[in-house]
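A quick write-up on the structure given underneath.
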2 protein chains.
Amino acid sequence: MSYTIKEASERLGCPAHTIRFYEKEGLPPYIKRDRHGNRLFDQDHLDWIRLMTCFRATGMKISLMKQMVNLALDGDATIPQRKAILNQYKEELYRRQSQLAEALDAVNNKLAIYEDIERGRLPSESRLLNQMEDQHNQSIKQE
Amino acid sequence: MSYTIKEASERLGCPAHTIRFYEKEGLPPYIKRDRHGNRLFDQDHLDWIRLMTCFRATGMKISLMKQMVNLALDGDATIPQRKAILNQYKEELYRRQSQLAEALDAVNNKLAIYEDIERGRLPSESRLLNQMEDQHNQSIKQE
DNA sequence: GCTTGCTTTAAAGTACACTTTAAGGTTTAG
DNA sequence: CTAAACCTTAAAGTGTACTTTAAAGCAAGC
């Protein structure tokens, strides 16, 4: 049960070129080839790559993933180091979670203000930009 | 009550160069200058920039922020367009939230496996990499 | 046998957001 | 008067992750 790069690409929702790029970077090790040199992926590889893209999408750098792969290849003795990396990454994930929460708050705030303006409950724009514009206009008049 | 770029930089936790870069990109409009041409920021500008960095940190592109600023400068008539942009961005924020949740899950999974290995409850590495390695070794033997 | 569509590689190009450099002007402390 | 510590601009450089291009090989269908 092996997949060509095209099948792997479809299953992963990831361009074939990107998969090759990842292999070149050393992320998925031990990818087999058929007698023509074409890559053959099996489920384990797909799972592994999916994990990597999951980490990538949330900010882990490829170089760090490569480092983890290398540590893993060196055996169980490197588990403490890998744990340290993952724990640091986990901190980063928490940081991003609160950034997202903050941004969602800000967006909802903005949207609420827009609603208020549309319903005529607020004189105009959210204060900020207008005020800056006012100051700008004043300074123009003074020239 | 105005701040120099250095003070703004300190308050925002953002390099002065980056603030200048943002201004060049058109993000914070109407920044005043003193008689020597030095920028003068007031609280509204800092608030605005802080909002922009909050949006940036969570994936909004500078070009899109500039677009929003331009729309805002065109008056309340553009509110529907701005709402559309923010709602799209909100979708993106939700997408990122679930990506983060997924990644956190995966990390905790990995960490749990490492714990198990360290306590001798699992024979070795998380199966994945070893299995790939085994296959690799087999293919080497066959050569 | 030839086209179509896949595959391979290495290398160059792109997008994005900074970041650094270079060259110079002003203000303040000693 | 001069050095330190700011400020200015424009332009070039950097890092990251792709993405595209170019050149070529294999294989199934007509």
Contact list for residues 62-83 of chain A, test ring-ring contact (aromatic ring centres under 6.0 Å, His included), sequence neighbours left out: none
Nucleotide nearest A:Arg39 (side chain, heavy atoms from C-beta), chosen from D:dT9, C:dT9, D:dC7: C:dT9
Just how far, in rounded Å, is [atom2] of [N] from [atom1] of [X]?
X       : N      : atom1 : atom2 : result
A:Leu27 : D:dA17 : CG    : C1'   : 11 Å
A:Glu25 : D:dG15 : CD    : C1'   : 13 Å
A:Asp34 : C:dC6  : CG    : P     : 16 Å
A:Lys6  : D:dC26 : NZ    : C1'   : 16 Å
B:Ile5  : D:dT9  : CD1   : C1'   : 12 Å
A:Glu23 : C:dT7  : CD    : P     : 14 Å
A:Ile49 : D:dA17 : CD1   : P     : 16 Å
B:Lys32 : D:dC7  : NZ    : C1'   : 18 Å

Testing the 3.5 Å rule here: is there a donor-acceptor pair between the side chains of B:Tyr89 and B:Thr58? yes
May I have all residue pairs that pass salt bridge (charged side-chain N to carboxylate O under 4.0 Å, His left out) and include part of residues 12-31 of chain B, sequence neighbours excluded?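 Counting only pairs at least two positions apart or across chains, the salt bridge (charged side-chain N to carboxylate O under 4.0 Å, His left out) contacts touching residues 12-31 of chain B are B:Glu23-B:Arg33, B:Glu23-B:Arg39.
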Which pairs, with at least one residue in residues 56-69 of chain B and sequence neighbours excluded, count as a salt bridge (charged side-chain N to carboxylate O under 4.0 Å, His left out)?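 Those involving residues 56-69 of chain B do not exist here.
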Check this for me: does any side-chain nitrogen of one of B:Glu91 and B:Arg95 sit under 4.0 Å from a carboxylate oxygen of the other?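 A salt bridge is absent here (no side-chain N lies under 4.0 Å from a carboxylate O).
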Has A:Arg35 got a side-chain N or O lying under 4.0 Å from the OP1 or OP2 atom of C:dT8? no
Would you say D:dA11 has OP1 or OP2 under 4.0 Å from some side-chain N or O of B:Arg20?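 False: B:Arg20 side-chain N/O out of range (4.0 Å or more) of D:dA11 OP1/OP2.
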Qualifying residues under side-chain hydrogen bond (donor to acceptor under 3.5 Å, both in side chains), relative to B:Arg11, sequence neighbours excluded: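 B:Arg11: no side-chain hydrogen bond (donor to acceptor under 3.5 Å, both in side chains) contacts found.
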With sequence neighbours left out, what residues match B:Gln81 under side-chain hydrogen bond (donor to acceptor under 3.5 Å, both in side chains)?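 In terms of side-chain hydrogen bond (donor to acceptor under 3.5 Å, both in side chains), with neighbours along the sequence ignored, B:Gln81 is linked to no residue.
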Letter by letter from the 5' end, nucleotides 12-19 of chain C scores (B base, S sugar-phosphate only, - none; protein heavy atoms under 4.0 Å) ----SSBB
